[in-house]
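Each residue takes its place number in the sequence, starting with 1.
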Amino acid sequence: REPWLSFDAQALAPQVTAPTLFVHAEGALAPQWAQQFHDSMRAERRFVNLEASSQVDFYDRPDRVDESADLTARHLIHHVSDLRVNAEWA
């Protein structure tokens, strides 16, 4: 774990039961920990590595925001059966 973190989220990974989407980047904060959490989960999961120089790209670069939002919307549409969305998003 990173030395400034006192909560051990990694220990909880095997307990996650909800289908989970990880949108990350090698240049973002602690990619090894995101990958480790993903790999330790038992639930259905998907890890998408986008190109980004840091985690800031995920809220400062419109292309990364759009791509992340699109991936998230598709994940929710697929996994939440009662989600009502505009048909053009599907």
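- For the side chain to side chain donor-acceptor pair (under 3.5 Å) test, no residue two or more places apart in sequence or in another chain qualifies with Asp66.
- For Gln55 against Leu29, the heavy-atom pair with the smallest separation is OE1-N, 3.0 Å.
- The neighbour count for Glu51 CD, taken as heavy atoms of other residues, nucleotides or ligands under 6.0 Å away, does not exceed 12.
- Arg45 is linked by a side chain to side chain donor-acceptor pair (under 3.5 Å) to nothing, counting only residues two or more places apart in sequence or in another chain.
- Across all their heavy atoms, Val65 and Phe58 have their closest contact at CG2-O, 3.2 Å.
- A pairwise comparison of heavy atoms in Pro31 and Ala25 identifies CB-O, 3.8 Å as the closest pair.
- Within the 3.5 Å criterion, the main-chain N or O of Phe37 finds a donor-acceptor partner in the side chain of Gln10.
- Clustering of Ile, Leu, Val, Met, Phe, Trp and Tyr by side-chain heavy atoms under 4.5 Å joins Tyr59 with Val56.
- We find the CG-CG distance between Leu21 and Leu76 to be 8.5 Å, quoted to the nearest 0.5 Å.
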- For the pair Met41 and Thr20, evaluate side chain to side chain contact (heavy atoms under 4.5 Å, CB included) and give the outcome as yes or no after the intermediate values. CA-CA 9 Å; Met41 289 177 61; Thr20 305; 3.2 Å; yes

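- Residue pairs meeting the ring-ring contact (aromatic ring centres under 6.0 Å, His included) criterion with at least one member in residues 10-30, sequence neighbours excluded, are Phe22-His38, Phe22-Phe47.
- The side chain to side chain contact (heavy atoms under 4.5 Å, CB included) test applied to Leu12 returns Phe7, Gln15, not counting sequence neighbours.
- By the side chain to side chain donor-acceptor pair (under 3.5 Å) test, Asp63 is found to be paired with Arg61, residues two or more places apart in sequence or in another chain being considered.
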- Query: side chain to side chain contact (heavy atoms under 4.5 Å, CB included) between Leu71 and Arg46: does it pass, once the steps are laid out?
  - Reply: CA-CA 10 Å; Leu71 286 163; Arg46 179 178 176 207; 3.9 Å; yes

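- Taken from OG in Ser54 to CD in Glu26, the straight-line distance is 13.5 Å, to the nearest 0.5 Å.
- Minimum heavy-atom separation, Ala43 to Val16: CB-O, 3.3 Å.
- Applying the side chain to side chain contact (heavy atoms under 4.5 Å, CB included) criterion to Ser53, with sequence neighbours excluded, gives Asp57.
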